[in-house]
Amino acid sequence: MCKEILLLFLMVNPMVFSQNHLSAEDFFDIMDSTEQVVILDVRIYESFSEARIPGALYAGEKELLLSIVCDYPKEMPLLVYCTYGDRSKTVLKILKKEGFSNVYHLKKGFKDWKEKGFPVDDSEID
């Protein structure tokens, strides 16, 4: 009986497994509507220095990523992105293992973000 109820729940609500994988529109909505949110860019530094989502922090190496998030509350919303979405999906798993509960990644990455016309910061980095 319990297996049938669980199966029915998963069939009715497929978002259960994909809720942390956001479209550019949903990623932007969280950025725009959440008062305290951390945006993490996990691409290589050269890509980050050329252009990034406004307000993003560079976290392209695992040690750097973990040092950035170590002082944040575990319930702090973390938005993660890379170029195409693969690397950020891996980082999402790492952050969940570290105990963070509100972690989201940009499903199709920065490339899709730019193509859809969302804000980009291409200012020079000091």
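These figures come from a predicted structure and were not determined experimentally.
- Between K74 and G99, the closest heavy-atom pair is CB-O, 3.4 Å.
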Quick one: side chains of residues 117-125, donor-acceptor pairs under 3.5 Å with protein atoms, not counting sequence neighbours, listed by atom name and distance.
from : atom 1 : to   : atom 2 : distance (Å)
D121 : OD1    : S123 : N      : 2.9
D121 : OD1    : S123 : OG     : 2.6

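- Residues that satisfy the side chain to side chain contact (heavy atoms under 4.5 Å, CB included) test with E35, not counting sequence neighbours, are absent from this structure.
- Contact record, S67 with C70: O-SG, 3.2 Å, taken as the closest heavy-atom pair.
- Within 6.0 Å of atom NZ in K62, 12 or fewer heavy atoms from other residues, nucleotides or ligands are found, so the atom counts as exposed in its surroundings.
- Of the possible donor and acceptor atoms, none in the side chain of N20 sits under 3.5 Å from a partner among the backbone N and O of Y104.
- In terms of heavy atoms, L106 sits closest to A24 at CD1-CA, 3.5 Å.
- Hydrophobic cluster membership differs between I53 and Y84, with clusters built from Ile, Leu, Val, Met, Phe, Trp and Tyr side chains linked at under 4.5 angstrom.
- No side-chain N or O of E75 forms a donor-acceptor pair with one of Y72 less than 3.5 Å apart.
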Review item, side-chain donor-acceptor pairs of residues 26-33, under 3.5 Å, at least two apart:
from : atom 1 : to  : atom 2 : distance (Å)
D26  : OD2    : S23 : OG     : 3.4
S33  : OG     : D29 : O      : 2.6

Can you give the donor-acceptor pairs under 3.5 Å from side chains of residues 37-47 to other protein atoms, not counting sequence neighbours?
from : atom 1 : to  : atom 2 : distance (Å)
D41  : OD1    : R43 : N      : 2.9
D41  : OD1    : R43 : NE     : 3.1
D41  : OD2    : R43 : NE     : 3.1
D41  : OD2    : R43 : NH2    : 2.7
D41  : OD2    : Y81 : OH     : 2.6
R43  : NH2    : S47 : O      : 3.4
R43  : NH2    : A51 : O      : 2.5

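- Of all heavy-atom pairs between V80 and L95, the closest is CG2-CD1, 3.8 Å.
- Side-chain contact between E61 and L65 is absent, with no heavy atoms from C-beta onward closer than 4.5 Å.
- Heavy atoms from other residues, nucleotides or ligands lying under 6.0 Å from CD of E25 number more than 12.
- Atom OG1 in T83 sits 10.0 Å away from atom NZ in K111 (nearest 0.5 Å).
- Among residues at least two apart or in separate chains, there is no salt bridge (charged side-chain N to carboxylate O under 4.0 Å, His left out) pair with a member in residues 79-101.
- Under the 4.5 Å side-chain criterion, counting only non-hydrogen atoms from C-beta, V69 is in contact with L78.
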*Decide side chain to side chain contact (heavy atoms under 4.5 Å, CB included) for H21 and L92; before the verdict, give the C-alpha distance in whole Å, the side-chain angles of both, and the deciding distance to 0.1 Å.*
CA-CA 9 Å; H21 311 284; L92 178 122; 4.3 Å; yes
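- Across all non-hydrogen atoms, the minimal contact from C82 to S88 is SG-N, 3.3 Å.
- Qualifying side chain to side chain contact (heavy atoms under 4.5 Å, CB included) partners for E50, counting only residues two or more places apart in sequence or in other chains: none.
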